[in-house]
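Encoded as structure tokens, the structure appears first; notes follow it.
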Amino acid sequence: MTENLQLDPLGTLRRSHYCGELRRAHAGQRVLLMGWVHRRRDLGSLLFLDLRDRSGMCQIVFNRDRAPALHERAGALRSEYVIGIEGEVVERSAPTVNPALATGEVEVVASGLHIFNDARTPPFLLDEAQEVAEEARLKYRYVDLRRPAMQANVRLRHEVTAAIRRYFDSRGFLEIETPFLTRSTPEGARDYLVPSRLQRGSFYALPQSPQLFKQILMMGGCDRYFQIVRCFRDEDLRADRQPEFTQIDVELSFPQEETVYELIEGMLAAAFAAGGSEIATPFPRLSWEEAMARYGSDKPDLRLPAMSDVRAHFAPEELEQLKLAAEEPVLAIRIPRVGALSRSQRDELRPLAEGRPVRFFEDFGRLAKSFPATTERIGASIAAGEGDLVTLVGAPAGARRQRHEVATHAGALRLALAQHFAERHGLLDARDFRFLWVTSFPMFEWDETEKRWAAAHHPFTSPREDDWERLESEPGLVKARAYDVVLNGTELGSGSIRIHRSDLQSRIFRLLGMDEDEARQRFGFFLEALQYGTPPHGGIALGLDRLVMILAGENSIREVIPFPKTARGVDLMVDAPTPVSAAQLRELGVQVTLDSGR
RNA sequence: GGGGACGUAGUUCAGUUGGUUAGAACGCCGGCCUGUCACGUCGGAGGUCGCGGGUUCGAGCCCCGUCGUCCCCGCCA
């Protein structure tokens, strides 16, 4: 910052154009631009300035011969000063055109300069060329947000949400707000708690999702609801998980699964169109069973070939020789177009399987030497082409395993191998959008630690009608009317047709190990509401941050969240969370006890 | 809770087997420069090697601890 720099008031000055919109057609016009000094090129008696605003940049010229006082004052400008420029748009002479700049055919010859504010030297360059540590970017987020890449992400997020709102509005959906200060329901993720001053000793919880409210909106006759809404979960963070994140929350009355699929496919088409991409609908559907068996995952990445069980091609004695369990699948993983591998390149693959309770055969060629006929049949059955990498994953003979355990490990290996050779096969193209619906999830999962059945989706999910009679007898076989929408291995959204009968809802609670009292205590209002005329209803919620992240081609949702938190849940800019004063705690009736000796 | 990577100038990084005064590029400051656009050019300033302890004649480098950022597992109905 410069001492004695005279700053100018904004006064009545009004911007006439954005920097980035100036074109040859504007030549001859007088303009008034406002923005940040991006870069300065001082040639002595000629001084060039790149002025930057939200729209882009344009070049400003100061000439000592034509306006000595103005030129003198412009000499004081530094990076990120906030200024206004009056001047005339002038066409550049042919050799001075800058084709790299959208505004490169013109420049503004300055006739007036208003310095609204100076600026300390920024902590890092506003330059796309150099990667800056995220720690610095988050601390100085207001500087980081000025970078064109962040500006583009912020804008993209706006365009996508605007398109989604238009879409739901055109389909007759009402955007309805639900409370942030609500009730803790200790199922699922940990809640963020907010102490109540008026009811000392009691706490609100921030919603993990507006699940019960949106169902109650259906009971309230709202028919079609959506909300772009913040949700809060006090769990550990990841590249695609923040403690507060945004859901596109949807619920409608009288739907079938297909109603939801069609609706959401349309919404995603609109959202991707807003992001500049066309996607094909309808999306393929895959049952959960099939997804687990063929991809070893409930969120398969369809950009890569599926796996196949090739066990049937082996003779029993061959399986025995290879120490493979005869009753478990032997999964062939094919990674296309990997090309020839040297011995050492092949050896690099072994560690990928380390620590997994599976037998991993990374060298199909070596297997072929011992079992030529079998491997030939396998190669033909999976349509292995020249240069494709084929590996096999099976279960070691003897050990007991859970259902889909081998497939899950094989699926993880499939992704690791694909990742390892991503540059060779080029299939993991971030712009290749491969959606699908995963359907027919199991209703319950056995919780080994709690020794009870747990809801695989959530306890308001309707079981398939055919399965009602075996809810109690064979809960492990009951299928839920739940569905996930998956894109390139990322779960984008999850939903279900809900339970709308209180008798069925009570049965489910009971099955989940909740006795009458407990159910009434936690969800009494909801069970009661179900008795006052609840329509069949269902819906879905999609992660907006993940959606925009994928559209932006980013690898972390922090890149599409203006003010995200670090992996330890800290906001480096405002430095939150912080301890609070004793007076604040006293007022809330809250006492803080910390583990001593730490 | 567990595993891994990283931490040196404002930024991005280099730093040999533990050895004299810790370097580079960009940025920053000053001079010169009329067509630059990542301007050029000449000069200059700038370091708690994350922090604490230890080993050693000597530590940016080795050891222990700790803090921070990132990635993954667990967790996320």
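To find a chain, count down the sequence lines: A is the first, B the second, and so on, and within it residues start at 1. All figures in this text were calculated on a predicted structure; none of them were measured in a lab.
For A/Asp298 and B/C76, the CG to C1' distance is 13 Å, given to the nearest whole Å. A/Lys139 places its NZ atom 15 Å from the P atom of B/C70, with the value rounded to the nearest Å. Atom C1' of nucleotide B/C76 and atom CD of A/Glu445 are separated by 13 Å, given to the nearest angstrom. In this structure, the NE2 atom of A/His38 is 12 Å from the P atom of B/G27, given to the nearest Å. What separates CG of A/Leu572 from C1' of B/C67 is a distance of 13 Å, to the nearest Å. One interatomic measurement links the two molecules: NZ of A/Lys565 to C1' of B/G68, which rounds to 18 Å at whole-angstrom precision. The separation between A/Glu131 atom CD and B/A5 atom P is 21 Å, rounded to whole Å. A/Glu134 has its CD atom 7 Å from the C1' atom of B/C70, to the nearest Å.
By the criterion of a centre-to-centre distance under 5.5 Å and near-parallel planes under 30°, the ring of A/Phe124 forms no stack with the base of B/U11.
For B/G40, the OP1/OP2 oxygens have no side-chain nitrogen or oxygen of A/Arg41 closer than 4.0 Å. In this structure, A/Arg238 reaches the B/C73 phosphate: one of its side-chain N or O atoms is under 4.0 Å from OP1 or OP2. Contact annotation: A/Thr121 does not reach the phosphate of B/C28 (side-chain N/O to OP1 or OP2, under 4.0 Å).
In this structure B/C70 sits in a base pair with B/G4, meeting the Watson-Crick or G-U test at under 3.5 Å. Pairing for B/G43 is with B/C29, a Watson-Crick or G-U wobble pair whose two hydrogen-bonding atom distances lie under 3.5 Å. Pairing for B/U20 is absent, with no Watson-Crick or G-U wobble pair whose two atom distances lie under 3.5 Å. In this structure, B/G52 and B/C64 make a Watson-Crick or G-U wobble pair, each of the two defining distances being under 3.5 angstrom. The partner of B/G58 is absent, by the rule that a Watson-Crick or G-U pair needs both atom distances under 3.5 Å.
Between A/Ser556 and A/Glu554, every side-chain heavy-atom pair lies at or beyond the 4.5 Å cut-off. Under the 4.5 Å side-chain criterion, counting only non-hydrogen atoms from C-beta, A/Ser184 is not in contact with A/Phe203.
Between the A/Thr182 side chain and the A/Pro179 main chain, no donor and acceptor come within less than 3.5 Å of each other. Distance alone, capped at 3.5 Å, places no donor-acceptor pair between the A/Lys479 side chain and the A/Met443 backbone. Distance alone, capped at 3.5 Å, is enough to place a donor-acceptor pair between the A/Arg78 side chain and the A/Gly75 backbone. Of the possible polar contacts, none joining the A/Arg498 side chain to the A/Gln215 backbone as a donor-acceptor pair under 3.5 Å is found.
With hydrogens and angles ignored, a donor-acceptor pair under 3.5 angstrom links the side chain of A/Arg241 to the base of B/C76. Counting distance only, with no hydrogens placed and no angle test, the side-chain atoms of A/Glu107 and the base atoms of B/G35 include a donor-acceptor pair under 3.5 Å. Scanning atom types as modelled, one donor and one acceptor separated by under 3.5 angstrom connect the side chain of A/Asp236 and the base of B/G74. For B/C37, the base has a donor-acceptor partner in the side chain of A/Arg92 [N/O atoms by modelled type, under 3.5 angstrom]. Side-chain atoms of A/Arg39 stay outside donor-acceptor range of the base of B/G27, with no qualifying N/O pair under 3.5 Å.
Taking the P atom of each, B/G2 and B/C39 are spaced 49 Å apart, rounded to whole Å. Only the P atoms considered, B/C73 is 45 Å distant from B/G40, to the nearest whole Å. For the C1' atoms, the distance linking B/G15 with B/U20 amounts to 16 Å, nearest Å. Spacing of C1' atoms, B/C33 relative to B/G43, comes out at 15 Å, to the nearest Å. If you take atom P in B/G23 and the same atom in B/A45, they sit 13 Å apart, rounded to whole Å. Of the P atoms belonging to B/G52 and B/G68, the separation is 16 Å, rounded to the nearest Å. If you take atom P in B/C64 and the same atom in B/G18, they sit 16 Å apart, rounded to whole Å. Nucleotides B/G53 and B/C49 are separated by 13 Å at their P atoms, to the nearest Å.
A salt bridge links A/Glu235 with A/Arg190; the closest basic N to acidic carboxylate O contact falls under 4.0 Å. A salt bridge does not link A/Asp191 with A/Arg233: every distance from a Lys NZ or Arg NE/NH1/NH2 to an Asp or Glu carboxylate oxygen is 4.0 Å or more.
Taking every heavy atom of residues 93-102 of chain A and every atom of RNA chain B, pairs under 4.0 Å involve A/Thr96, A/Val97, A/Asn98, by number.
Pairs of residues two or more places apart, or lying in two chains, never qualify as ring-ring contact (aromatic ring centres under 6.0 Å, His included) while including a residue from residues 117-138 of chain A.
Within the nucleic acid shown, A/Pro459 comes within 4.0 Å of at least one base atom, counting heavy atoms only. Contact annotation for A/Ala136: no contact, since no heavy-atom pair falls under 4.0 Å across all strands. Within the 4.0 angstrom heavy-atom criterion, only backbone atoms of the sugar-phosphate kind lie near A/Glu135; the bases stay farther away. As judged by a 4.0 angstrom heavy-atom cut-off over every strand, A/Ala454 is placed among residues making no nucleic acid contact. Here A/Ser45 lies in heavy-atom contact (under 4.0 Å) with a base.
Toward the 5' end of RNA chain B, the nearer of the two residues A/Arg546 and A/Val61, judged by each one's closest nucleotide, is A/Val61. Between A/Asp50 and A/Asn555, the residue anchored nearer the 5' end of RNA chain B, judged by the nucleotide with its closest heavy atom, is A/Asp50.
Note: A/Phe245 CZ to A/Asp240 CG = 11.0 Å, rounded to the nearest 0.5 Å.
The side chain of A/Leu125 sits closest to B/G27 out of B/C75, B/G27, B/G35. Of the listed nucleotides (B/U69, B/U11, B/G35), B/G35 has the atom at the smallest distance from the side chain of A/Leu43. Comparing B/U11, B/C70, B/C76 by their closest approach to the side chain of A/Arg558 singles out B/C70.
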Could you walk me through whether A/Lys299 and A/Glu491 pass the salt bridge (Lys or Arg N to Asp or Glu O under 4.0 Å) test, one step at a time? CA-CA 6 Å; A/Lys299 44 183 181 184; A/Glu491 180 195 312; 5.8 Å; no

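Using cut-offs of 30° and 60° on the angle between ring planes, the pair A/Tyr140 and A/Tyr142 is perpendicular. Using a 30° and 60° split on the angle between ring planes, A/Tyr192 and A/Phe232 fall in the perpendicular class, above 60°.
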Grab the N/O contacts between the protein and nucleotides 30-32 of chain B below 3.5 Å, and write none if there aren't any.
from, atom 1, to, atom 2, distance (Å)
B/G30, OP2, A/Arg78, NH2, 3.2

